[in-house]
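Written out below as structure tokens is the structure these notes cover.
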There are 2 protein chains.
Amino acid sequence: MSPMDSAAARDRALDAAEELFYARGVQCVGMDELRGASGVSLKRLYQLFPAKEQLVAAYLARRDERWRGRLAAHVARQRDARERIPAVFDWLEEWFGEAGFRGCAWINAHGELGATSALVTEQVRAHKEAFRDCLAALVDDARLPASLAGPLFLLAEGAMVTAGITGSTRPAAEAREAARTLMAAAGRGGLSRPAPTA
Amino acid sequence: MSPMDSAAARDRALDAAEELFYARGVQCVGMDELRGASGVSLKRLYQLFPAKEQLVAAYLARRDERWRGRLAAHVARQRDARERIPAVFDWLEEWFGEAGFRGCAWINAHGELGATSALVTEQVRAHKEAFRDCLAALVDDARLPASLAGPLFLLAEGAMVTAGITGSTRPAAEAREAARTLMAAAGRGGLSRPAPTA
DNA sequence: GACAGCGGAGAACGAGCGTTCTCCACGCGG
DNA sequence: CCGCGTGGAGAACGCTCGTTCTCCGCTGTC
């Protein structure tokens, strides 16, 4: 291989990292196994990423880009701005049903390394913030109150966690229905007051 | 120490396990460190728990009991059955604000070991199912439609994850407001219909 | 006081890991 | 055709970890 495709080596390393880290957890996969799966020599791996931690961070960063790209593409297919919000949950449902789905990579990575690696924590926070911003933009486009973004985000996060733990796609549908209810209530004007107590 | 307090040794082992596993992650804490922190000899540890995995499962099981006990106690302070549901989120908010809060122990354990340990996965599923059942009972007591339990559960899970990642207690308040809105909408009669599309 | 048995301290073991080093085959400038 | 440097394969290193073993002191009994 010519020296020039260190970019290709990087891609192959990240491909292998994504597949293995996501499927089995970061700590379960050694650098040697990564070398075997990617075909990139250990020497090269350490040239590209000075330590495993950086490879993990790069894996999360690239996955973040792709994940948000896929979500945005799916959502953009809806003409009606208000339908784009339920479409987020449609897309989650599709994702949850994919073979090999094992929950949210960032939540998993945070559970595994959040206490240990500041770099990973940073990636996780950045990803979640970006996702939240994405929802906020959809809420804004739909001319709904900005305060809706937080709850929608929480519903989506809860759905991801629950789908990851139970292996079911159902949380996506539940979250979508709840999101619709919240949108309708917000459209009706502001957040609810407490239920009448006496 | 008399041979009889193997129960006490068990408790001390679990105390140390809970503190260290929760704070730093399971894989970061070795059996030797656990011995140092608990004062229980390695030999005894392995008599009580044939392998680390069992100790992890026991830690999660005991924490589950205590966690749900604390939640139930807090919720029971509300007279009005409908106020017990927001009270769940009040309690979450308190929890999120505690020193050393680092997210949901079960979600973290699942992220760390879900792909590896069937025993741990089982504990996580059992805990989440129990929590969900608890919410379902509160919904039932409040004479609200059973379909509310799922969305409330998702809001709570989303809040736990988000609080764990961001370190803020705010997700609890957001989830509580959303829960109130969903309760009000359900009280008003059933789930929302999709917004008018044409 | 002698002895059997239990329990604790910590060494030992074997495996796996992240990281580095050694060695060799290959391609290129003179 | 000959050195030279680049890059790959994989051995090696040092460390940590889960688990087991060895040794020793203590205690309760005769």
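Please read all numbers here as calculations on a predicted model, not as lab measurements. Letters A, B, ... are given to chains in the order of the sequence lines, protein chains preceding strands, and every chain is numbered from 1.
We find that A:E93 and A:R170 are not joined by a salt bridge, their nearest charged nitrogen and carboxylate oxygen being 4.0 Å or further apart. Classification of B:R12 and B:D15 as a salt-bridged pair fails, no side-chain N sitting under 4.0 Å from a carboxylate O.
There is a side-chain donor-acceptor pair under 3.5 Å between B:S117 and B:E53.
Side-chain atoms of A:R63 do not come within 3.5 Å of backbone N or O of A:A105 as any donor-acceptor pair. A donor-acceptor distance shorter than 3.5 angstrom exists from the side chain of B:R84 to the backbone of B:Q78, with no hydrogens or angles considered.
Taking the C1' atoms of five terminal pairs at each end of the helix from C:dG1-D:dC30 to C:dG30-D:dC1, the two resulting helix axes are inclined by 30°, rounded to 10°.
We find that CG of A:L34 is positioned 15 Å from P of D:dG8, with the value rounded to whole Å. When rounded to the nearest whole Å, the span between CG of B:L45 and P of C:dA9 equals 11 Å. In this structure, B:L48 places its CG atom 11 Å from P of C:dG7, rounding to the nearest Å. Taking atom CD of residue B:E33 and atom P of nucleotide D:dC15, one finds them 18 Å apart after rounding to whole Å.
B:W95 and B:F101 have perpendicular rings, their planes meeting at more than 60° on a 0 to 90° scale where under 30° would count as parallel.
Side chains of B:L60 and B:H127 form no contact here, defined as non-hydrogen atoms less than 4.5 Å apart.
A:R35 has no side-chain polar atom (N or O) that falls below the 4.0 Å cut-off from OP1 or OP2 of D:dA9.
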Original post:
Which parts of nucleotides 18-25 of chain D does protein reach within less than 4.0 Å, heavy atoms only, written one letter per nucleotide 5' to 3' as B for base, S for sugar-phosphate only and - for none?
Top reply: SBB-----
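Checked against the 6.0 Å centroid criterion, the rings of B:F131 and B:W67 qualify as a close aromatic pair.
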